[in-house]
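The structure under discussion appears below in the form of structure tokens.
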Amino acid sequence: MKVLLTGDEALARGAYEAGVTFASAYPGTPSTEILQNLTTYEGIFAEWAPNEKVALEAVIGASIAGARAVASMKHVGVNVAADPLFTFAYTGVNGGMVLISADEPGQHSSQNEQDNRYYAQSAKIPMLEPSDSQECIDMMKAAYEISEKFDTPVMVRITTRIAHSKSPVALSDRIEVPFKEYQKDPAKYLMVPLMSVKRRVILEERLKSLKDFTESTELNYIEKGGKIGVIASGMCVNFAKEIFGDTATYLKLGATYPLPDKLLDEFMSQVDKVYIIEENDPYLEHWVQRCGYECIGKDIIPPLGEMTPDVLRKAIFGQELEGLAYDKSLVAPRPPVLCAGCPHRGFFYELAKKKDTLVAGDIGCYTLGFAPPFNAMDYLICMGAAFSAGHGSQIALNAAGKDTRVVGVMGDSTFFHMGIPGLIEILYNESNTICVILDNRTTGMTGHQEHPGTGRNAYLKPAPEIDIEAVARSLGAKNVATVDPNDIKAVREVLNDAYSKNEPYVIITRWPCVLKPLSEGDYKEYGQDLFKKKYMVDTEDCIGCKACIRAGCPPISVMDKKANINTEMCMGCGVCAQICPKTAIKLVEEGM
């Protein structure tokens, strides 16, 4: 049977067909849907982990115990998981283990571009790169065979276009792989220096065997055409074929570490000129040059962004496809904004009023607090850095004799991911940094996945709910306040209290995201009319002062010098009504 699947869906299907029994991940675009789809298959226990390091460590433990297991994460998540990855490359596996790295050329939803092909090279583990959904299934199954044959974890690397584009696949039945018996073997698995020094030698020997494999595997092959040569992997194979068609001979690389030198020699003997089509860094280009061949690569092809056909066509041939002519100045800019009814709006509205304040931000949809009309964020580094980096800023400002207060802002899922150690640092070192946890009851930016504080697991079934306020107090925080962020007065009062104290202060804003799938628990806690209220403008009372516009809420506009609210979009948070100086914004009564 053939069906259309995205790359993420196909990777999940490939893991299922390969007999995987355990999966762990932390959500992050473009990898999120992999684990979400794994929850739909019987025979696999799938879980959301607090962060990528924990996810990979759990998968490593499952592998050592004898199960086939998979961890999935976006490219920056591998940075978090790198510590256990490099050591597990030394120990090798018991049950097969695959790490899926979803890279994001073009930074559609990431704080940076990075090329995770170098992680496979640095960790000395084999890497596979599928170029469509069918290959996602096939290479997942191949990855487990390689993992167990060569006693190694395997990286499967995809990019955004593979993750989210659909192509036809043929489905197969699941292979029921028996658990491998665990044999106590400290020399293999217990990585103290005495053992790891010996495993380092074994790692190098393994690489030689893997090199022989990549030279002969059907995952790497030459597709004959003209005298122009093209070397590519992953989605870049498809991009290149749209540009060169059958005028080129292709070296299609599916197994990209270790790279096949002998196959490259054979390919180069068949072509006159070679283009290296790859996104991000010149990984393949440097390999070709190291092997003594001339090639055309990043000297003309951009080093950043996606290498889509239009980008390649312009870079290689200096051509662009004819398109519709239009006046670009007439296109209104549409910057991203906080959603109507977003629970972060009331907090940022009040924070923006605070003078002599530096705001350390974090990864999440609340990062939009940096934008107008709030302008309430000064810097963003990486996930979980708001508290720790904010602490460093506060200490430096204190040392300089400045009265500036630092406010670190992060979300609830981010707090569990990497924020707790930062809070510990602040409490332990008695910093007067103000820590804010915006608890919208979900992992919002990646599509509303569960986390340890939501009370539901990856299967949306009830799970223990870890109380953020209780965690903060257990760490030693004396000043902890939980507030409804839609209550402007309450937010103002708690911020004033935090600024008045020259010591650590934790503020938790707690209200559900308007887009999250609501549970009975949400209605029980917040009321049956949650997100059902509507507000309207009484034009008789409105003086056209535009104060409500400073809420930055999409339903609010100005028409004929009067405020107007699109009630179809309004989610009833009431922030605008509290801002209005003339009480011209009123709750729509039921039945009106």
Side-chain angles (χ1 to χ4, degrees), residues 5-16 20-52 54-56 58-59 62 67 69-74 77 100 102 109 163-164 174 339 341-343 363-366 383 411-417 437-468 470-471 508 510-532 571:
L5 294 181
T6 65
D8 280 351
E9 292 168 337
L11 289 167
R13 178 70 191 192
Y16 168 74
V20 166
T21 56
F22 180 70
S24 189
Y26 182 81
T29 303
S31 71
T32 305
E33 292 81 6
I34 298 170
L35 191 115
Q36 285 181 324
N37 279 276
L38 283 167
T39 64
T40 66
Y41 291 108
E42 292 186 8
I44 299 178
F45 180 85
E47 65 174 27
W48 291 122
N51 63 38
E52 295 86 356
V54 171
L56 183 57
V59 164
V70 60
S72 56
M73 57 198 68
K74 68 183 296 175
I100 301 173
S109 184
H164 292 160
R174 175 176 169 87
C339 299
C342 175
I363 303 295
C365 40
Y366 50 85
M383 198 157 189
D412 44 339
S413 185
T414 305
F415 177 71
F416 290 114
H417 178 279
I437 302 159
L438 303 174
D439 182 4
N440 64 355
R441 318 298 298 131
T442 189
T443 309
M445 187 173 68
T446 54
H448 310 98
Q449 292 75 38
E450 307 303 320
H451 64 65
T454 65
R456 295 195 295 187
N457 62 22
Y459 296 92
L460 305 183
K461 295 180 179 179
E465 179 180 333
I466 298 178
D467 188 317
I468 294 175
V471 170
I508 303 162
R510 184 180 168 101
W511 193 265
C513 170
V514 298
L515 298 178
K516 73 166 284 194
L518 297 174
S519 65
E520 285 302 316
D522 291 320
Y523 287 116
K524 184 177 180 180
E525 182 172 353
Y526 302 101
Q528 292 297 320
D529 60 349
L530 182 63
F531 305 134
K532 295 176 182 177
M571 301 303 294

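Only heavy atoms go into these numbers, but all of them, side chains included; no hydrogens, no water, no symmetry mates.
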## Note on the structure
Residue set satisfying side chain to side chain donor-acceptor pair (under 3.5 Å) with T6, at least two apart, ordered chain then number -> E9
### Task
Please name all residues satisfying side chain to side chain donor-acceptor pair (under 3.5 Å) with E450, sequence neighbours left out, ordered by chain then number.
T454, R456
### Message
Does any part of the side chain of F416, heavy atoms only, come nearer than 4.5 Å to the side chain of I466, both counted from C-beta?
### Response
yes
#### Entry: Pairs flagged by salt bridge (Lys or Arg N to Asp or Glu O under 4.0 Å) wherever residues 513-528 is involved - sequence neighbours left out
R510-E525, K516-D522
### All ring-ring contact (aromatic ring centres under 6.0 Å, His included) counterparts of Y526, not counting sequence neighbours
W511
### Task
Please list all pairs passing the salt bridge (Lys or Arg N to Asp or Glu O under 4.0 Å) test where one or both residues lie in residues 25-44, with sequence neighbours left out.
none
### Query
Taking all atoms of both residues into account, what is the closest heavy-atom pair of M445 and C365, and its distance?
CB-N, 3.8 Å
### Query
With sequence neighbours left out, what residues match R13 under salt bridge (Lys or Arg N to Asp or Glu O under 4.0 Å)?
E17
### Message
With a 4.5 Å cut-off on side-chain heavy atoms, are L518 and R441 touching?
### Response
no
### Message
Test your reading of the model: is there a side-chain donor-acceptor pair from D529 to the backbone of K532, 3.5 Å cut-off?
### Response
no
### Query
Can you tell me how far the OG1 atom of T414 sits from the CG atom of N51, to the nearest 0.5 Å?
11.0 Å
### Query
Got N440 and Y366 here, is their nearest side-chain heavy-atom distance under 4.5 Å?
no
### Query
Which residues satisfy the ring-ring contact (aromatic ring centres under 6.0 Å, His included) test with Y41, sequence neighbours excluded?
Y16
### Query
Listed by chain and number, what are the side chain to side chain contact (heavy atoms under 4.5 Å, CB included) partners of S31, not counting sequence neighbours?
I34, K74, A102
#### Entry: Spacing of L35 atom CG and I44 atom CD1 [to the nearest 0.5 Å]
9.5 Å
### Query
Is it the case that T39 and Q36 place a side-chain donor and acceptor less than 3.5 Å from each other?
no
### Task
Please answer whether the main-chain N or O of A46 pairs with a side-chain N or O of Y459 as donor and acceptor at a distance below 3.5 Å.
yes
### Query
Given V20, which of L38, V70, V59 fulfils the side-chain contact (heavy atoms from CB on, under 4.5 Å) condition?
V70
### Task
Could you pull out the closest heavy-atom pair between P27 and Q449, with the gap in Å?
CB-OE1, 3.5 Å
## Note on the structure
Taken in chain and number order and not counting sequence neighbours, the residues that satisfy side chain to side chain contact (heavy atoms under 4.5 Å, CB included) with F45 are F22, E47
### Message
Please give me the minimum heavy-atom distance between P452 and P50, naming the atom from each residue.
### Response
CG-CG, 4.4 Å
### By side chain to side chain donor-acceptor pair (under 3.5 Å) - contacts of S72 (at least two apart)
none
## Note on the structure
Between the CE atom in M571 and the SG atom in C339, the distance rounded to the nearest 0.5 Å is 9.5 Å
### Query
Is any side-chain heavy atom of I100 closer than 4.5 Å to a side-chain heavy atom of M73?
no
### Query
Short question: side chain of T443, backbone of S413 - any donor-acceptor pair under 3.5 Å?
no
### Closest non-hydrogen atom pair between T32 and D8, with its separation
N-OD2, 4.4 Å
### Task
Please name all residues satisfying side chain to side chain donor-acceptor pair (under 3.5 Å) with D412, sequence neighbours left out, ordered by chain then number.
H451
### Query
Among all residues two or more places apart in sequence or in another chain, which pass the side chain to side chain contact (heavy atoms under 4.5 Å, CB included) test with I508?
I437, D439, I468, E469, V480, T482, V506
